Amino acid sequence: MTDDAPAASARLEPVTGEWRRVSPKYIVVDLVGNVISGAVATFAASLPVWLLNWGPWWWLLTIGVGVVSLVLVALTPRRVRSIGYLLRDDDLLFRRGIMFQRFVAVPFGRMQLVDITRGPLARALGLAELKLVTAAAATGVVIPGLALPAAEELRDHLVALAETRRAGL
Amino acid sequence: MTELADGEWHRLHPATPLLKGGIALIAILGIIVANLRERLVEWLIPGAECPPGVCDEDPISIILERYLLLALLGVAVVILVVIGLFWLSWRMHTFRVTDEVVEVRSGVVFRSHRKARLDRIQGINIARSLFARIFGAAKLEISAAGSDANVQLAYLSSANADGLRAEILTRASGVRARVAADAVAAAEAGEGLPVGTSDAVRANLAEVARARLAEFTAPELDPNLAPPQSVVTMNAGRLIGSTVLSSGTIMFVAIVVGVLVAVSVGGAGGWAFFGLIPTLFGLGSYLVNRVLKSLRYSIAATADGVRVGFGLLSTTNETIPPGRIHAVEITQELLWRPFDWWTVRVNLASQSSSPGAAGQQSTTILPVGSRAEVLKVLELVLPSLVTDETRLLIEGGLAPARPEDGFTTSPRRGAVLRWFSWRRNGFMLHTDAVILRRGAVWRSLTVVPTARTQSVAAHQGPLERLLRLAKVRVHTVNGPVTASIGALDVGDASALFRDAAAAGVVAIRADRSHRWGSA
């Protein structure tokens, strides 16, 4: 742990270290997801105009939603690159987000279970998602875009660590 | 030692079906009476004639006239079958308590078998509803973490429930101390109450009545098993005052005033008042309920954790072993400030099925108390935290901010996000706990023991980045308390994040509270 965090900087950077990043292939998965959800949202926003015949001003809503979706899609590569995790001696650190940054520290002794899930697209690319579950619902640590062997190795490592540090709830 | 915890399978109180089905039975009786009221009137008042056309073509009359024997036989068979089923379900419902687990088997057609490890117990609750108290029975509920994870033993005889609770707690704690066993034995001997119902049946009626009376008037805390004094005494005046001055009541007054203004100025008709009647009833029952439930509130330390008891007619008595409280929050309603009243809420991993004091969630362990009482309660629930040195610091956490009070507060620019409270909004990291102080209008103090934190998070959004601020949240199990503090300087937030995470790791390593007695 380093104590020389840049206090003068406005950016939140509580822990500096060698963050492990997720696979660049995950950009594709996230991009496809964002394009689909953006298209659906834009389509839904256009419904009032051609289903209910509301005035032309309602096109603005469609345009607005479309623009926001495009920005989200354009930022996807950066957002994926911002995801990182760091294994320390006693806990796992997780970070994500550029606009809305989030750092989480999960002690190994607090992990109740470690989950691996794979969507169809991620499976095609050989990726997997690792989910850490603690007794607190708010922990919400999901590390996406790990190569399957790496994810399985990490899971086994974490489970073994959790077993040695296990305490009560 | 109670013979129920000898590792063999035991059955519940014989009156269990009656107690569980009591309400249903009364309801069925009510339906029958309602449907036959003409006939009942005729039976009771012979002069009152049944209107022609009602009794003649009544199916009951036809049955009585033509198939009397068959009808009687049918009723007898139904009653026998119902009694038989109840008896069968009672017979099939067994439990046992071993050194490691408590198990319950139940069900006739669909069998269920539930097992709970004793070292995972989050709390033990003894509830005595008014109906059950008449029969001298009690419901013992052993809570485990998670929703619907509790093991219920409903019903046991009252004394058995107390004995079993003491025994389970002793085993769960990891000590097999002779002292505890002696204490239980002494308690059972000293009480002179019937231990099993079979004894009670044999005893003559007057004795039974006396025993019931003794149970009714006995204090909720068994004097032999727990230090008798509750650290808080609830008085009716404060209870009523705090309820009247709560935000719910203020809202009600605001609605009444609104309606009055609407009637007098807007010309809305008098019918508007009718809309208030349901609200009035709701408020009335809430007030009465709250006062009745909390009047005999007590909280005390036992060897096996904090014991919270309350209730005047239906009583509940919950024991929370050490290390089962995941977060504590002390809050104050706006109008309570002149009186210096506070409420204490906690996060627990288990969810008790019986409501807590004042008809609120069972997580409200002190419905209303003075500052001194709040500190006493805090001392009970977090013994390692409240010492002579930290007492002043914690008291400072309830007061307005002062310089050098130990809290790291928001910088001046935090006022953009925390308009009034930025001076007070701050945190303090103790070796055993993270303490967060928030709010200027609605003051609160949140304490999370570091041995119970699940994870720590730091957040920053775009606006916060512009202001060089950040937010830190300490994750605990779900409950009414959310330990999060925003509008901190980025450097302070980073330090809190790092230190809270590190303190959590150290505390987890040192934590032995799942077997609290073995240390």
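Reminder, nothing fancy here: chain letters follow the sequence lines and each chain counts from 1. Nothing here was measured: the structure is a model prediction, and the numbers come from that model.
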Any donor-acceptor N/O pair, Gln454(B) side chain to Thr134(A) backbone, under 3.5 Å: no
Polar side-chain atom of Arg102(A) near backbone of Ala457(B) as donor-acceptor pair, under 3.5 Å: no
Rounded distance [0.5 Å steps], CD1 in Ile508(B) versus CZ in Arg110(A): 4.0 Å
Spatial distance of atom OG (Ser455(B)) from atom CE (Met111(A)) [nearest 0.5 Å]: 9.5 Å
Looking only at non-hydrogen atoms, find the nearest pair between [X] and [Y] and report the distance.
{"X": "Phe103(A)", "Y": "Phe497(B)", "answer": "O-CE1, 3.6 Å"}
{"X": "Gly461(B)", "Y": "Phe100(A)", "answer": "CA-CD2, 3.7 Å"}
{"X": "Ala136(A)", "Y": "Thr476(B)", "answer": "CB-O, 3.0 Å"}
{"X": "Leu12(A)", "Y": "Val490(B)", "answer": "CA-CG1, 4.1 Å"}
{"X": "Gln101(A)", "Y": "Arg465(B)", "answer": "OE1-NH2, 3.6 Å"}
{"X": "Val15(A)", "Y": "Arg498(B)", "answer": "CG2-CG, 4.1 Å"}

Contact origin within Glu464(B) toward chain A - heavy atom pairs under 4.5 Å: neither
Under 4.5 Å from any heavy atom of chain A - which part of Ala470(B): side chain
Proximity breakdown for Leu93(A) and chain B, heavy-atom pairs closer than 4.5 Å: side chain
Atom CD of Glu153(A): over 12 foreign heavy atoms under 6.0 Å: no
Within 6.0 angstrom of Arg78(A) CZ, more than 12 heavy atoms from elsewhere: no
Options His459(B), Arg324(B), His326(B), Gln460(B), ranked by heavy-atom pairs under 4.5 Å with chain A, top entry: Gln460(B)
Top of Val477(B), Val456(B), Thr453(B) for chain A proximity - count of heavy-atom pairs under 4.5 angstrom: Val456(B)
4.5 Å side-chain heavy-atom contact, Arg88(A) and Val505(B): no
Top contributor to chain B interface from Ala135(A), Gly140(A), Ala137(A) [non-hydrogen pairs under 4.5 Å]: Ala135(A)
